[in-house]
Amino acid sequence: MLSDSSYRVLTMSPHRGLMVQMLKHHMNRMFEWPAVKLIWQQPLAIERLGELMTKTLLIIGKEDSPDNLRVADYFRKHSDARIIEIPGADHMVNLTHPEKLYHHINDFIKN
């Protein structure tokens with residue numbers, strides 16, 4: 001799982017051990033969850049992004065997986081969400097760039 005492109009930056013950081021512990025805990029807990037039946041609302045939420053009325057902030061690492069970067073791009077094109085890309089960060093921005101994350105969230109809340 002850590003070989004996924006979403007964790008490229010994290011695996012080279014001092015937080016790698018913590019992420020391994022977090023993923024092990026998550027995987028063990030998944031076996032305790034009840035089965036889930038997916039129900040897709042119609043129209044799909046992704047088709048209604050332009051209807052968002054609440055201020056929305058999407059923070060993503062520039063080194064995140066291509067799929068997640070496409071999601072951010074879709075939000076950029078189809079909503080008024082504020083998109084922040086953190087250079088040098090992957091999917092775990094909170095572990096590798098906590099100060100930048102805090103700054104952007106705090107700034108968003110104040111404005």
Side-chain angles (χ1 to χ4, degrees):
M1 186 166 223
L2 283 178
S3 62
D4 184 276
S5 63
S6 297
Y7 303 111
R8 247 186 319 232
V9 175
L10 178 69
T11 56
M12 305 305 279
S13 80
H15 306 290
R16 186 181 194 285
L18 175 59
M19 188 62 201
V20 168
Q21 288 177 339
M22 290 169 59
L23 285 172
K24 283 180 181 177
H25 177 75
H26 175 72
M27 296 303 285
N28 287 332
R29 292 295 306 252
M30 280 178 39
F31 291 111
E32 299 172 9
W33 297 341
V36 178
K37 179 180 179 185
L38 294 177
I39 300 172
W40 298 102
Q41 295 285 63
Q42 294 297 325
L44 298 174
I46 197 164
E47 296 171 0
R48 298 177 303 149
L49 286 178
E51 297 173 22
L52 282 173
M53 301 303 288
T54 305
K55 282 179 39 175
T56 304
L57 174 64
L58 188 149
I59 298 176
I60 189 164
K62 281 191 148 198
E63 305 299 321
D64 205 330
S65 71
D67 286 341
N68 289 338
L69 292 170
R70 275 192 292 278
V71 169
D73 193 44
Y74 199 86
F75 266 80
R76 187 179 289 108
K77 291 177 182 174
H78 299 283
S79 77
D80 289 329
R82 184 171 173 192
I83 313 296
I84 305 285
E85 292 182 339
I86 308 280
D90 59 17
H91 193 66
M92 298 305 292
V93 176
N94 57 323
L95 290 180
T96 60
H97 295 76
E99 297 85 12
K100 289 182 181 181
L101 182 66
Y102 167 79
H103 168 75
H104 288 297
I105 292 172
N106 198 37
D107 183 53
F108 180 77
I109 289 171
K110 286 181 178 178
N111 294 317

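Keep in mind it's a predicted model, so treat the numbers as computed, not measured.
- For CD of Gln42, the number of neighbouring non-hydrogen atoms (other residues, nucleotides, ligands) closer than 6.0 Å is greater than 12.
- Proximity of a side-chain donor or acceptor of Thr56 to a complementary backbone N or O of Thr54 within less than 3.5 Å is detected.
- The side-chain heavy atoms of Leu69 and Ile60, taken from C-beta on, include a pair separated by under 4.5 Å.
- Under a cut-off of 6.0 angstrom, the local environment of CG in Asn94 is crowded, with over 12 non-hydrogen atoms contributed by other residues, nucleotides or ligands.
- Nearest approach of Ala72 to Ile83, heavy atoms of both residues: O-CD1, 4.1 Å.
- Of all heavy-atom pairs between Thr96 and Ala89, the closest is OG1-CB, 4.3 Å.
- Follow the hydrophobic side-chain contacts under 4.5 Å out from Val93 and you reach Ile84 in the same cluster.
- Cluster partners of Tyr102, using a side-chain heavy-atom cutoff of under 4.5 Å among ILVMFWY residues and allowing indirect links: none.
- Here the options are His91, Met92, His97, the test is side-chain contact (heavy atoms from CB on, under 4.5 Å), and the partner is Leu95; only Met92 passes.
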Step by step, work out the side chain to side chain contact (heavy atoms under 4.5 Å, CB included) result for Ile86 and Leu101.
-> CA-CA 8 Å; Ile86 308 280; Leu101 182 66; 5.8 Å; no
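- One finds a salt bridge joining Asp73 and Arg76 here, because a Lys/Arg side-chain nitrogen approaches an Asp/Glu carboxylate oxygen to under 4.0 Å.
- Neither Leu57 nor Met53 shares a network with the other; the hydrophobic side chains, linked directly or stepwise wherever heavy atoms of I, L, V, M, F, W or Y lie under 4.5 Å apart, form separate groups for each.
- Leu58 and Ile109 sit in two unconnected hydrophobic clusters of ILVMFWY residues. Membership requires side-chain heavy atoms under 4.5 Å apart, directly or through other members.
- Of the possible donor and acceptor atoms, one in the side chain of Lys55 sits under 3.5 Å from a partner among the backbone N and O of Phe108.
- Taking CG from Leu49 and NZ from Lys77, the interatomic distance works out to 13.0 Å, rounded to the nearest 0.5 Å.
- The environment of NZ in Lys24 is sparse: at most 12 heavy-atom neighbours from other residues, nucleotides or ligands sit within 6.0 Å.
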How far apart are the C-alpha atoms of Arg82 and Asp107, what are their side-chain angles, what is the distance that settles it, and do they pass the side chain to side chain contact (heavy atoms under 4.5 Å, CB included) test?
-> CA-CA 11 Å; Arg82 184 171 173 192; Asp107 183 53; 2.9 Å; yes
Run the numbers on Glu99 and His103 for side chain to side chain contact (heavy atoms under 4.5 Å, CB included), then give the verdict.
-> CA-CA 6 Å; Glu99 297 85 12; His103 168 75; over 6 Å; no
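- For Trp33, the CH2 atom is densely surrounded, since the number of other residues' heavy atoms within 6.0 Å is greater than 12.
- Every ring pair (Phe, Tyr, Trp, His ring centres under 6.0 Å) that His78 has, sequence neighbours left out, goes to Tyr74.
- We find the CG-CZ distance between Asp64 and Arg70 to be 11.0 Å, quoted to the nearest 0.5 Å.
- For CE of Met22, the number of neighbouring non-hydrogen atoms (other residues, nucleotides, ligands) closer than 6.0 Å is greater than 12.
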